Amino acid sequence: MTKKAPYQNFLENLKAAAKTAKIKLEALEALSTPEAIHEFEVKFKLDSGEAKSVPGYRVQHNSARGPYKGGIRFHPEADLNEVKALASLMSLKCAVANIPMGGGKGGVQVNPKELSSDEVQKLSRAYFRIGTEKNIFSVDKDIPAPDVYTNPQVMAWMLDEHEKILGHKSPGVITGKPLELGGSLGRSYATSQGGFFVLEKYLESQNKKPAETTIAIQGFGNAGAYFADIASKAGYRVIAVSDSKGGVVCDSGACQIEQLQAYKAEYGSLRGNFCQGEKCDIHKMKKEKMHVVSNDELLELEVDVLVLAALDGVIHADNAENIKAGMILELANGPVTPEADAILEAKNIDVIPDILANAGGVTVSYFEWVQNRSGDVWEEDYVISKLKKIMENAFADLLQVREEFQTSHRQAAFILGTERIVKAMELRGTI
Ligand code: NAD
């Protein structure tokens with residue numbers, strides 16, 4: 001199967017939503033075109049002394065509702081098409097969450113796993129130096145955050161480079177920072193917590209109780225592992241999880257998440273050393289009886305909830321028909337393709353889309369920006385209570401749109417986000 005370019009998927013969803021909600025052509029055209037695309041070479045020195053140059057991108061999609069906001073990823077496959085799609089989705093995500101931010105995204109086409117920590121630091125500084133000197137990033141204009149293969153340490157280096165050039169402090173220029181440099185409490189698990197708040201509301205409407213709800217999770221990284229922990233502590237039955245090496249199903253009917261986390265930390269993956277090729281000695285996992293499944297098999301398990309927290313495009317035209325989950329929660333960006341969406345809809349499988357389900361991350365990033373700008377430091381309980389309100393309001397707003405247009409959750413989210421941005425553009429007189 002050839003994978004369709006992510007920006008084409010975005011445009012397809014946008015057009016479908018615009019058609020359903022009769023959004024005017026001028027607005028559709030504005031949202032189909034990023035406001036600015038920055039492409040540049042990021043040059044840095046390897047430890048060997050050799051000069052290295054890699055392609056860097058920052059796409060600023062729409063700023064009608066506020067400054068551009070969105071992560072920076074370091075990935076060998078990061079390209080302009082992907083960064084454009086992710087920037088566009090950020091505009092809609094911020095609008096769906098109803099936070100005063102626009103959408104942007106950055107990427108560097110590089111494999112940071114092949115670089116030393118010193119080299120990653122040089123790369124991070126070089127990327128942000130260009131962004132600062134070209135006036136792409138500033139605290140009121142464009143505020144990046146971590147994304148795939150970037151983390152709080154990378155944000156710290158980028159902040160330091162920015163402030164060195166400015167000659168004064170400006171912590172709000174970047175979020176997802178370490179707490180010591182102005183990061184927000186609650187940011188590390190905000191994406192998962194936000195998705196969980198939405199899931200709880202969804203399940204409440206279906207009269208489903210935690211103890212009778214089974215969950216399978218693809219991806220056991222930041223988003224997936226925190227989600228597994230939050231859901232299992234709330235009494236849900238997480239019965240299967242997977243990472244890039246494959247998955248495990250817990251035969252007791254509810255995985256011991258802390259034990260799986262400890263196992264992953266020790267062996268590097270869930271399948272780790274106890275699986276070599278086809279042979280798995282699963283009894284090395286002493287306290288937890290389980291059997292192994294492939295990632296494809298995990299997706300097709302019969303569960304109440306399937307949480308996608310790994311990659312884009314994992315449910316597509318060729319496997320959507322085999323999905324047996326009751327509903328899908330998209331913590332990853334773009335894990336269900338438009339073709340798969342149509343198949344799932346016909347099978348009555350609800351999909352809570354990424355632009356709502358994983359909006360908790362950008363929401364707490366926005367809280368971090370507010371704290372940095374006011375000089376305040378919020379308590380964790382306060383952060384999470386504000387997040388809960390925002391996520392629940394967003395879901396309630398989405399349900400209203402869904403009801404009005406009798407459409408899927410994804411299309412309702414696209415309509416809700418689009419209408420909010422269009423209103424802001426109209427008020428500004430730009431369309
Ligand atoms: P991560 O790198 O911490 O974790 C990714 C996980 O996916 C890892 O467990 C990895 O082993 C697994 N994985 C990789 N390839 C896989 C494969 N082929 N099959 C199954 N699993 C595979 O990344 P993350 O921060 O958890 O992000 C995951 C997704 O969530 C991404 O799409 C990201 O854009 C999205 N997201 C994350 C955040 C956040 O705050 N972390 C916010 C919004 C969206």
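Read the numbers this way: they start at 1 and go in the same order the structure lists the ligands and their atoms. Because the structure is predicted, anything quoted here is derived from the model rather than measured. For reference, positions follow the sequence shown, starting with 1. Below, each value reflects all heavy atoms present in this structure, side chains not excepted, and no hydrogens, waters or symmetry copies.
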How are the rings of Y189 and Y226 set to each other: parallel, tilted or perpendicular (split at 30° and 60°)? tilted

Please state whether the rings of H409 and F395 are parallel, tilted or perpendicular, taking 30° and 60° as the class boundaries. parallel

For the residue pair Y127 and F40, is the inter-centroid distance of their aromatic rings smaller than 6.0 Å?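 Ring centroids of Y127 and F40 are less than 6.0 Å from each other.
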
At a heavy-atom distance under 4.0 Å, which protein residues reach ligand 1? Sort them by chain and number, would you? R73, R187, T191, Q218, G219, F220, G221, N222, A223, D243, S244, K264, N295, A309, A310, L311, L331, A332, N333, N358

Can a salt bridge be assigned to the pair E161 and R125 using a cut-off of 4.0 Å between side-chain N and carboxylate O?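 Answer for the salt bridge query: yes.
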
More than 12 non-hydrogen atoms from neighbouring residues, nucleotides or ligands closer than 6.0 Å to CD on E380, yes or no? yes

With sequence neighbours left out, the residues meeting ring pair (Phe, Tyr, Trp, His ring centres under 6.0 Å) with Y57 are none

